[in-house]
S.K.: 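Have a look at this one before I ask anything.
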Number of protein chains: 2
Amino acid sequence: MVTSTEENYLKAIYNLNLDRNGKGLGTNELADYLQITPATACQMLKKLKKKGLISYKKYGGIALNDSGREVAILVFRKHRLWETFLYVKLEFTWDEIHEVAEQLEHIKSKKLVDQLDKLLDYPEYDPHGDPIPKANGVSRTAFKKTLFNAELGKTYKIVAVKDSSSVFLQYATEIGIGIDVEILTKSRRDFDGFMEIEIGGVIRTISPKVAENVYVD
Amino acid sequence: MVTSTEENYLKAIYNLNLDRNGKGLGTNELADYLQITPATACQMLKKLKKKGLISYKKYGGIALNDSGREVAILVFRKHRLWETFLYVKLEFTWDEIHEVAEQLEHIKSKKLVDQLDKLLDYPEYDPHGDPIPKANGVSRTAFKKTLFNAELGKTYKIVAVKDSSSVFLQYATEIGIGIDVEILTKSRRDFDGFMEIEIGGVIRTISPKVAENVYVD
DNA sequence: AAAAATATTTATACAAATCTAATAATAAGA
DNA sequence: TCTTATTATTAGATTTGTATAAATATTTTT
Ligand SMILES: [Mn+2]
Ligand SMILES: [Mn+2]
Ligand SMILES: [Mn+2]
Ligand SMILES: [Mn+2]
């Protein structure tokens, strides 16, 4: 049996092992991400290793092995399918879905997930633009280009958001940020990275923190 | 916070306090029902009392108070709505739904429940014939007449089942028992209570244990 | 090699849920 | 009423899961 907490650790390890150039994942970084102490992380790592879900060597060598990756991907699949369900079928807004999906992602039933997928007609992306893994574990590659790294003077389409907390999403909605919305980059201030953008005819100044959390294409 | 275990205790107390003639509910009976020791039940009762969910006096005086009943009814509501959802929307069979609903019933989100209710178009009964409480806690009264207590030589309609374990439901399905199915009572053997019935043109002999788990109208 | 960063162990804690065994209280029957 | 059987409660312990602080160990960096 894999507990909910263990599943959350596996998700975290998966996420932290994305977009890092060769640099391995260490105890401190994982602990920081999960808001626990390194000692706690270390104990759980020992447990996960014993269960055959991860492998790791000291100093930056935490990685999922095949069975751990399988669990993590299934949890992402469940999480994103539930989010899509809440959004599409139950009239939830995109800032409400993540929290409930955090609970639903831990429900154990293979049939439930696959039938949910079918009911939703096999969606490719969730309401935040994250790719939904298929039953076989395969999924589209996630979007990478953020608004922060976008070229100036060009029109982009918002395809996803990185942060899915309700605080961020409520603010994002307020300033017109949403999936498939067109956005024009106007300028970026060298001094502090604040950007001027145009969404729906309105010109706004956004912080680099916001810009980094918006994926465009 | 009410834990899943506590919710399950409240459900049990609710159920055990139905159809009993004045006789109060005691620790031993509750413990027996939940497959735990009386000592364990006793501790939990103390805890539930402290939380203001139940009241009780020694020797058969365990009862839900208003807030405990509210919690129990909400859990039943969630359980039965989820069962209906699994059955109607996700192609589950009626012997598969209970187990998954045992997990789903503990998910915390008011909006989720109420929207689910709406999606299913406010169903009155779940796939086992149990009434689904409304958001305000009110529900139809449950069916009471079992096949065991039915008159002989009459045609009835099956309206609900008492046991919702997959073992029972798989057997029930096998012999043609299902909601809204017509059934003719033919005879009852005095010696051991076995009954002869006719379902879908087929005559069968069923045990009193089975007959007691089928509600008719 | 020393200092700094990082990782791990040890010892401790807490919450939640359960058990066994001993004890207490009450109900029921002789 | 007195005794016995039933029922309930307490005390003490255990298990599981998760977490911490402080001490120790190891590796990396300077
Ligand atoms: Mn999410
Ligand atoms: Mn989670
Ligand atoms: Mn059920
Ligand atoms: Mn339950």
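Residue numbers begin at 1 in each chain, while the letters A, B, ... track the order of the sequences. Side chains included, hydrogens not; waters and symmetry mates left out as well; all remaining heavy atoms used.
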S.K.: Could you tell me how far apart A:Lys46 (NZ) and D:dT16 (P) are, to the nearest whole angstrom?
M.R.: 16 Å

S.K.: Regarding B:Asp163 and B:His128, do their side chains bring together a donor and an acceptor under 3.5 Å, going by distance alone?
M.R.: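 Checked: B:Asp163/B:His128 side chains show no N/O donor-acceptor pair below 3.5 Å.
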
S.K.: Please report the distance, rounded to the nearest Å, between CD1 in A:Ile36 and P in C:dC14.
M.R.: 19 Å

S.K.: Starting from C1' on D:dA19, measure out to CG on A:Asn8 and report it in whole angstrom.
M.R.: 15 Å

S.K.: Atom CZ of A:Phe148 and atom CD of A:Glu212: how far apart are they, to the nearest 0.5 Å?
M.R.: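 Result: 5.5 Å between the selected atoms.
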
S.K.: The side chain of B:Tyr56 is closest to which nucleotide in this list: C:dA16, C:dA7, D:dT9?
M.R.: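 From the listed options, D:dT9 comes nearest.
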
S.K.: When you measure from the centre of the six-membered ring of A:Tyr215, is the NZ or CZ of A:Lys145 under 6.0 Å away and within 45° of the axis?
M.R.: no

S.K.: Rounded at 0.5 Å granularity, tell me how far CG in A:Leu104 sits from CG in A:Leu112.
M.R.: 8.5 Å

S.K.: Within the structure shown, what part of the strands sits under 4.0 Å from B:Lys57 by heavy-atom distance: base, sugar-phosphate, or nothing?
M.R.: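 The answer is nothing, as B:Lys57 stays clear of every strand by at least 4.0 Å.
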
S.K.: Provide, to the nearest angstrom, the distance between the CG atom belonging to A:Leu48 and the C1' atom belonging to D:dA19.
M.R.: 15 Å

S.K.: Is there, by distance only and without an angle test, a donor paired with an acceptor across the side chain of B:Gln43 and the base of C:dT18 below 3.5 Å?
M.R.: yes

S.K.: Within the side chain of B:Lys51, is there an N or O that forms a donor-acceptor pair under 3.5 Å with the backbone of B:Met1?
M.R.: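 Checking the backbone N and O of B:Met1 against the side chain of B:Lys51, a donor-acceptor pair under 3.5 Å is found.
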
S.K.: Look at the side chain of B:Arg189 and the backbone N and O of B:Phe194, then say whether any donor-acceptor pair between them is shorter than 3.5 Å.
M.R.: no

S.K.: Do the side-chain N or O atoms of B:Thr27 get closer than 4.0 angstrom to the phosphate oxygens (OP1, OP2) of D:dA8?
M.R.: yes

S.K.: Distance-only, no hydrogens or angles: does the B:Glu29 side chain make a donor-acceptor pair with backbone N or O of B:Gly26 under 3.5 Å?
M.R.: no

S.K.: Do you see a donor-acceptor pair shorter than 3.5 Å between the side chains of B:Thr173 and B:Gln170?
M.R.: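 The answer is no; no qualifying pair exists.
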
S.K.: CD of A:Glu70: more than 12 outside heavy atoms within 6.0 angstrom?
M.R.: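 No - once you tally the heavy atoms of other residues, nucleotides and ligands closer than 6.0 Å, there are 12 at most.
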
S.K.: Expected output is a numbered-order residue list: members of residues 28-35 of chain A with a heavy atom under 4.0 Å from any atom of DNA chain D. What is it?
M.R.: none

S.K.: Whole angstroms only, please: what is the NZ-C1' distance between B:Lys23 and C:dA27?
M.R.: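 About 15 Å, once rounded to whole Å.
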
S.K.: Any side-chain N or O of A:Thr37 under 4.0 Å from OP1/OP2 of D:dT20?
M.R.: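 Yes.
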
S.K.: Looking at B:Thr5, I'd like to know whether one of its side-chain N or O atoms comes within less than 4.0 Å of OP1 or OP2 on C:dA16.
M.R.: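 No, because none of the side-chain N or O atoms of B:Thr5 sits under 4.0 Å from OP1 or OP2 of C:dA16.
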
S.K.: On DNA chain C, does the nearest nucleotide to A:Pro38 precede the nearest nucleotide to B:Glu6 from the 5' side, or the other way round? Give the residue.
M.R.: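 Its nearest nucleotide lies further toward 5', so the answer is A:Pro38.
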
S.K.: Between C:dA17 atom C1' and B:Leu45 atom CG, what is the distance in whole Å?
M.R.: 14 Å

S.K.: Less than 4.0 Å between a side-chain N and a carboxylate O, is that true for A:Glu99 and B:Lys108?
M.R.: no

S.K.: For nucleotides 26-30 of chain D, tabulate all protein N/O to nucleotide N/O atom pairs closer than 3.5 Å, reporting atom names and distance.
M.R.:
residue: D:dT26; atom: O2; partner: A:Tyr59; partner atom: OH; Å: 2.4
residue: D:dT27; atom: O4'; partner: A:Tyr59; partner atom: OH; Å: 3.4

S.K.: Side-chain N or O of A:Tyr9 versus OP1/OP2 of D:dG17: is the shortest distance under 4.0 Å?
M.R.: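 A:Tyr9 to D:dG17 OP1/OP2: no side-chain N or O under 4.0 Å.
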
S.K.: Starting at CD1 of B:Ile62 and ending at C1' of D:dA8, how long is that distance when rounded to a whole Å?
M.R.: 10 Å

S.K.: CE of A:Met44 versus C1' of C:dT8: gap in Å, rounded?
M.R.: 16 Å

